[in-house]
Amino acid sequence: MSISKIDKELLEGCLKNDRLSQRKLYEKYASKMLLVCMRYAKTKEDAEDILIEGFVKVFSALEKFKMESSLETWIHSIMVNASISYFRKNNKHYMVDSIDEGNMDIPNEYDLDGLDHLTGKDLLNILQQMPEHLKCVFNLVAFEGYDYEKIAEELDINIGTARSRMSKGKSWLQERIKTMHNNQ
Amino acid sequence: MDVGLKVKKMEQNKLKDLLEQVTEQPSNECWSGIESRLDVLFPTDISQSAMNSGPTGASPSGSFLSKIAAAPLKAAAIIGSIAVVSVVTILTIQTFTKPENITTVIPKVSETTPVITPVDTLISIEVTDPVPSKKVENLISDKTNKQELNIVSAPINVAPQPNLPVTATPTPVLTEIRPTQTSTEKPVSNVQPVTNPDPIIQNQDIPITIPVKITIPNVFTPNGDGYNDTFVIEGIEDCSEHNLIIKNSNGKIIFQSSDYQNDWNGMDCPDGVYIYYFFYKVNAIEEKMLGRVIIKR
């Protein structure tokens, strides 16, 4: 994938540690990436913390960007990684792998109903309220398209746990959408 | 494609599309947070960062234009420095040809000294003759008797004369000496060899600049044990103006003072790394220091 000319100019500036270019790059992608972070965080403030971490990482690792993918994809993946470390940091003491959680077999192939009645804002609000451990897996599967194997590795959990969290997350979301729909 | 997967894919896209309607703008603190982190990780030239920290939003050609605009300034700066150098050279030669040469003790400046900034101070240099000599009164008010010396980066080694022992009081932490560019008079002493063959040099008050040593610790322990309980900036009393800003690792300002009394005890901030910005002014030169400080209780 080729990289746009403007991006290239920005990149060169950023590599020279030019604050103006760095700021422009930031401004170009900030709002998009904030949205990514907000999916993983509880509040906007938390999301901004992740965003800061992510962009610091972007600027310090910019040399490693090989222009094989688009800049946005690359930054996106860094934001996802920053979100994962945020999750890890905040859930150190979460007692995770109870045996039955790992072995639970919930049918997870059902559709999410009522999505059409939702606005994006609603969905984001609901997502933010999702329990942390479910949210992380759900986000990684539903939005980032990670497979369970990778998630298990990233979050240091069993594949079974990852699967069950995904389905739990989904049913949790479904529940929330329903109540929201009924309340309206 | 498997039907289940297809449904899943559709679902994913639906979710994504929904979220894409949302527009969220990060707050302004975000960039300042990133910038402060970058300042520590990859410090830029202060003047450059000041130039770049202005509002952005211009097209990429803007930076090109600013470079063009900056070119004459750069040229002016180069010409200016050449002028300074030449003035220095002339004055240096004059200093060397004078009968009374000045020697100063140059103690080694500690390598750990983070920043040395010149400040104007008067020191008097007494030059005595081995032969009993009379001292002439200070002539501070008379400008022609003053030699203005400034510490700058160009070293001038003034050779000591064996028969003219020199004592400098107080012993200045001198690195180099050169006459100030602003002094209009030639730095010739009032003791002219013709009128006064006796090589007695008067007590002269010579304004020189003594470097101010600012030391900022990288850790302090506000645990109430009486040791290192506050964030103490050594040398802060030598600054004419100063402004201290302490941010947490996310760039939020948690402490700010323009009249800091070395009394910040970390308040209720948790242990961790904080970033300080210390802007100060000595001898009308503005400087900036920044770095990390750890609070550990």
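Residue numbers start from 1 in every chain, and the chains themselves are labelled A, B, ... in the order their sequence lines are given, proteins ahead of strands.
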B:Phe278 ring center near B:Tyr280 ring center (under 6.0 Å):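 Yes: the rings meet the under 6.0 Å criterion.
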Counting heavy-atom pairs closer than 4.5 Å to chain B, which one of A:Leu34, A:Leu51, A:Thr119 comes out on top?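 Sorted descending by pairs with chain B, the first entry is A:Leu34.
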Using non-hydrogen atoms and a 4.5 Å limit, figure out which bit of A:Lys44 sits close to chain B: side chain, backbone, both or neither.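 The side chain, not the backbone.
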As an exercise: rank B:Gly33, B:Ser27, B:Gly251 by heavy-atom pairs under 4.5 Å with chain A and give me the winner.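 Greatest number of close heavy-atom pairs with chain A: B:Ser27.
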Taking the six-membered ring of A:Phe138 as reference, does the cationic atom of A:Arg165 (NZ for Lys, CZ for Arg) lie under 6.0 Å from its centre and within 45° of its axis?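 Pair A:Arg165/A:Phe138 does not count as cation-pi.
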Greatest number of heavy atom pairs closer than 4.5 Å to chain B - which of A:Ser60, A:Ala47, A:Ser21, A:Gly120: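 Heavy-atom pairs under 4.5 Å are most numerous for A:Gly120.
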At a 4.5 Å cut-off on heavy atoms, which part of A:Met38 comes close to chain B: side chain, backbone, both, or neither?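 The side chain, not the backbone.
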Test ring pair (Phe, Tyr, Trp, His ring centres under 6.0 Å) applied to A:Tyr146 - qualifying residues, sequence neighbours left out: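 Scan of A:Tyr146 (ring pair (Phe, Tyr, Trp, His ring centres under 6.0 Å), adjacent residues dropped) gives none.
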Please tell me whether B:Phe255 and B:Tyr260 form a close aromatic pair, meaning their ring centres lie under 6.0 Å apart.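 Yes, the ring centres sit under 6.0 Å apart.
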Please collect all ring-ring contact (aromatic ring centres under 6.0 Å, His included) contacts where either partner lies in residues 13-44 of chain B, sequence neighbours excluded, each pair once.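 The answer is A:Tyr26-B:Trp31.
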With a cut-off of under 6.0 Å to the ring centre and 45° to the axis, is B:Lys247 in cation-pi contact with B:Tyr277?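 Checked: cation-pi criterion met.
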Proximal component of B:Leu41, with respect to chain A [non-hydrogen, under 4.5 Å]: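 Side chain only.
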Return the option, out of A:Ile52, A:Leu35, A:Leu10, with the maximum number of heavy-atom pairs under 4.5 Å with chain B.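 Option with the greatest count: A:Ile52.
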